[in-house]
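Basis for what follows: all heavy atoms, side chains included, without hydrogens, waters or symmetry-related copies. When a ligand or atom number is given, it counts from 1 through the structure's own listing order.
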Amino acid sequence: MAWPTILKSTRDRVLPPNLANYNQFRESFSWRRAAQELTGLPEGNGLNIAFEAVDRHALGAARDHLALRWLGKNGEVRNFTYAQLMEQTNRFANVLQELGIAPGDRVYALAGRIPELYIAALGTLKHRAVFCPLFSAFGPEPIRARMTIGRAKVLVTTQSLYERKVKSIRSALPFLDHVLLIGEDSLPPNLPDTLDFQQTVSHASDAYTIQPTSPEDIALLHFTSGTTGTPKGAVHVHEAVIAHHITGKLALDFHPGDIFWCTADPGWVTGTSYGIIAPLTNGITSIIDEGDFDAERWYGILQSQKVTIWYSAPTAIRMLMKAGAEMARQHDLSSLRFLASVGEPLNPEAVVWSKEAFGLPFHDNWWQTETGGIMIANFAAMDIRPGSMGRPLPGIEAAIVHRKNDGSIEEITEPEVQGELALRPGWPSMFRAYWEEPERYRKCFAGGYYLTGDLARRDQDGYFWFVGRKDDVIKTSGHLIGPFEVESVLMEHPAVAESGVIGKPDPMALEIVKAFVALCPGYEPTEALRRELLGLARTRLGAVVAPKEIAFVASLPRTRSGKIMRRLLKARELGLPEGDLSTLEND
Ligand code: ATP
Ligand code: MG
């Protein structure tokens with residue numbers, strides 16, 4: 001698709017990284033000082049995410065700077081300056097006010113990546129209601145379940161999603177007082193408590209004064225990806241904006257004038273923390289693409305929009321690799337300055353490939369729905385160690401710990417020893433609860449740490465290396481093996497597009513390593529190839545760690561946010577119940 005180009009590029013400028021000297025910056029960092037980069041509500045009325053993201057720019061010199069540029073599926077373009085975004089989000093906040101929505105009430109959104117979703121999110125935050133995004137590809141049951149957990153009071157959705165997914169469950173949502181429908185046509189008559197989004201918003205006043213907001217007021221309710229089990233509703237507060245802002249600046253290296261594209265959907269935390277909030281608080285321009293993944297389309301966007309910073313995920317990068325580096329090289333991607341990835345381990349192969357395709361490496365970073373923002377990252381100024389997640393952000397204390405049988409926690413200080421990745425609580429975007437699941441929340445903390453449920457190791461220079469999720473780790477003949485290491489070696493073979501590795505129960509070894517492999521176009525799943533892959537793995541990993549079995553599959557089961565669901569590969573292998581599938585893609 002040929003997008004019109006109207007954005008300016010920053011590529012000709014020499015930009016020193018925001019985090020130039022890691023150790024020095026880390027030592028002098030404090031969250032209090034980081035908070036001073038924000039303005040706070042006028043007259044000392046507290047801290048509100050939407051004010052920091054929109055109003056403080058709209059009320060200042062940046063009022064006419066482009067905040068959001070939306071690219072529609074079919075080639076439409078809509079631009080919003082900071083001033084226009086302030087006006088639109090004020091209107092939405094007034095709509096909530098008129099509907100009698102109180103601070104703390106939950107406003108859900110079920111929509112694709114369309115401007116109304118962004119307006120609703122920021123308007124909800126202005127009104128101090130709690131914004132809860134749902135991924136638009138969810139079916140009626142996951143929608144019903146999540147709306148019931150958070151007792152949604154308002155739902156913003158599109159006419160077609162309502163027809164297909166909400167209508168059939170509406171009677172099961174007695175707490176849902178209002179639905180705002182986004183649509184081209186006028187509304188079908190006789191839908192109780194249902195309003196036309198555009199009409200309602202355009203009739204509301206464009207002036208809104210944000211009421212005093214405590215940094216601890218609840219702002220966001222985010223459901224996790226459900227990779228390992230039932231999704232949890234992580235609760236975040238307005239103070240999180242300090243972390244969104246500073247991590248955008250330090251880990252994604254936002255500079256004034258940047259054009260940033262976060263490919264994540266706001267249905268997942270990345271699409272909110274970095275797809276909405278962080279670029280806006282930093283006053284830069286954010287690209288929103290309504291379309292789904294398509295390699296040609298994506299390269300077209302990077303080129304025509306002169307994207308300077310691109311934040312994506314391993315699953316998308318693997319798909320781009322499948323399409324070939326040649327396709328990337330056919331585009332002028334010279335505006336790109338910084339590439340980052342999150343969501344899953346980024347195989348070293350992908351980092352090497354991205355240098356070949358873009359002349360720039362992808363910088364992996366690690367965080368979770370629960371942490372609200374980036375915690376560990378490869379920074380712009382740092383040498384990347386392909387396969388490593390990088391080093392903790394300033395203000396973040398990360399450790400490798402061992403949970404002893406009696407429940408106590410022992411910190412592992414020796415390098416290269418694997419254990420659970422743990423963080424010292426106290427950063428602003430840390431989740432404050434799992435919605436109405438206090439016991440589940442409590443269990444995440446021990447010995448003064450938040451325990452992440454991921455296994456990792458730290459090398460002697462302080463870089464962290466992901467080993468696997470605790471639930472995915474394979475126990476074989478007295479060894480603990482992380483699937484990531486095995487998957488990464490298989491990925492080195494040109495035939496392998498992606499792989500998922502599990503432990504398969506075995507009477508002798510407890511578990512054996514089994515790999516599922518999806519091939520690149522042009523390769524056949526032959527016995528000879530299987531033997532070649534087994535041979536490669538044995539040479540690179542040794543006999544204990546190398547897979548004993550390899551199965552060729554057309555594709556791997558993934559969450560809708562793109563993560564390989566190893567628990568499902570395992571359940572299917574063993575003929576066990578498949579568990580919660582609400583976040584499974586293409587089910
Ligand atoms: P659930 O908790 O419901 O099983 P989830 O953990 O996949 O789902 P998210 O919060 O979206 O939900 O994902 C965070 C997890 O994703 C991390 O705990 C980690 O396992 C994985 N992850 C994120 N970034 C990275 C990374 N850079 N390297 C390795 N793993 C990562
Ligand atoms: Mg998780």
Side-chain angles (χ1 to χ4, degrees), residues 133 135 142 145-146 149 220 222-234 236 247 251 264-275 311-317 339-348 350-351 362-378 384-393 398 420-423 429-431 434-435 437 440-441 443-444 450-457 463-473 482-485 487-488 557-568 579-585:
F135 189 48
R146 286 164 179 75
I149 292 173
L220 296 157
H222 257 300
F223 287 93
T224 59
S225 291
T227 313
T228 50
T230 332
K232 300 149 271 192
H236 291 284
T247 54
D265 190 279
W268 311 114
V269 73
T270 308
T272 304
S273 294
Y274 299 97
Y311 194 21
S312 197
T315 181
I317 299 165
L339 316 182
S341 162
V342 71
E344 275 195 301
L346 183 65
N347 313 86
V351 179
F362 266 98
H363 294 70
D364 188 20
N365 58 56
W366 176 96
W367 57 291
Q368 307 178 304
T369 309
E370 290 86 343
T371 70
I374 301 171
M375 297 284 109
I376 298 181
N378 287 283
I384 294 183
R385 299 190 175 175
S388 157
M389 312 189 281
R391 302 169 81 182
L393 269 278
E420 186 163 0
L421 177 60
L423 304 166
S429 63
M430 190 184 88
F431 71 135
Y434 284 130
W435 193 268
E437 291 193 276
R440 209 171 182 182
Y441 183 70
K443 280 193 183 142
C444 297
Y450 161 62
L451 302 165
T452 66
D454 284 343
L455 298 181
R457 61 195 161 76
Y463 286 66
F464 283 75
W465 299 74
F466 183 78
V467 172
R469 291 160 182 271
K470 254 169 57 186
D471 300 14
D472 289 339
V473 162
F484 173 51
E485 192 179 14
E487 290 160 6
S488 290
R558 278 203 202 90
T559 64
R560 296 185 188 281
S561 53
K563 297 166 197 260
I564 297 171
M565 288 171 103
R566 295 177 191 81
R567 72 166 158 99
L568 198 54
D580 186 308
L581 295 185
S582 61
T583 60
L584 176 67
E585 189 185 58

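To the nearest 0.5 Å, atoms NZ (Lys563) and OG1 (Thr315) are separated by 10.5 Å. Residue Tyr434 holds its OH atom at 14.0 Å from NE2 of His222, rounded to the nearest 0.5 Å. The line from CE of Met565 to CG of Leu581 is 6.5 Å long, rounded to the nearest 0.5 Å. Here the OG-CG distance, from Ser273 to Leu220, works out to 7.0 Å after rounding to the nearest 0.5 Å.
The contact set between ligand 1 and Lys232, taken as ligand atoms under 4.0 Å from a residue heavy atom, comprises 1 (P), 2 (O), 3 (O). Heavy-atom contacts of Asn365 reach the following atoms of ligand 1: 24 (N), 26 (C), 27 (N) (cutoff under 4.0 Å). Each of the following atoms of ligand 1 lies closer than 4.0 Å to a heavy atom of Thr369: 9 (P), 10 (O), 11 (O). Every atom of ligand 1 is numbered from 1 in the order shown, and the set under 4.0 Å from a heavy atom of Asp454 is 17 (C), 18 (O), 19 (C), 20 (O). Each of the following atoms of ligand 1 lies closer than 4.0 Å to a heavy atom of Val342: 24 (N). Near Lys563, with a cut-off below 4.0 Å to any heavy atom, the atoms of ligand 1 are 7 (O), 9 (P), 11 (O), 13 (O), 14 (C), 15 (C), 16 (O). Proximity to Arg469 (heavy-atom distance under 4.0 Å) selects the following atoms of ligand 1: 4 (O), 5 (P), 6 (O), 7 (O), 15 (C), 16 (O), 20 (O), 21 (C).
Taking a cutoff of 4.0 Å between a charged side-chain nitrogen and a carboxylate oxygen, Glu420 and Lys470 qualify as a salt bridge. The residues Glu487 and Arg566 are annotated as salt-bridged, a charged nitrogen and a carboxylate oxygen being separated by less than 4.0 angstrom. With respect to the salt-bridge test (charged N to carboxylate O, under 4.0 angstrom), the residues Glu585 and Arg560 do not qualify.
Of the polar atoms of Gly343, at least one N or O is found under 3.5 Å from an N or O of ligand 1, judged by distance alone. Residue Ser225 has at least one N or O atom closer than 3.5 Å to an N or O atom of ligand 1.
The protein heavy-atom contact nearest to atom 26 (C) of ligand 1 is Glu344 O, 3.3 Å. The single protein non-hydrogen atom nearest to atom 5 (P) of ligand 1 is Thr227 OG1, 3.5 Å, given as residue, atom name and distance. In this structure, atom 4 (O) of ligand 1 lies nearest to the protein heavy atom Thr228 OG1, 2.4 Å. Closest protein heavy atom to atom 29 (C) of ligand 1: Pro345 N, 3.1 Å.
Using a 3.5 Å distance cut-off with no hydrogens or angles, the side chains of Asp454 and Thr452 do not pair a donor with an acceptor. Checking Ser341 against Ser312 by side-chain atom types alone, no donor-acceptor pair falls below 3.5 Å.
With a 4.0 Å heavy-atom cut-off, ligand 1 is reached by the side chain of Phe466 but not by its N, CA, C or O. Residue Gln368 touches ligand 1 through backbone and side chain together, judged by heavy-atom distances below 4.0 Å. Under 4.0 angstrom from ligand 1, the non-hydrogen atoms of Asp364 all belong to its side chain. Neither the backbone nor the side chain of Thr559 has any atom closer than 4.0 Å to an atom of ligand 1 (non-hydrogen atoms only). If you look at Trp367 next to ligand 1, the close heavy atoms, those under 4.0 Å, all belong to the backbone.
Here the rule is side chain to side chain contact (heavy atoms under 4.5 Å, CB included) with Phe362, and of Val342, Leu339, Asn378, Ile384 only Leu339 fits it.
Residue contacts with ligand 1: Ser561 is excluded, as none of its non-hydrogen atoms falls under 4.0 Å.
Note: His236 and Phe431 have tilted aromatic rings, judged against thresholds of 30 and 60 degrees for the angle between ring planes. Trp268 and Phe135 have tilted rings, their planes meeting at an angle from 30° to 60° on a 0 to 90° scale.
Closest to atom 31 (C) of ligand 1 by heavy atom, among Phe431, Trp366, Phe223, Trp465, is Trp366.
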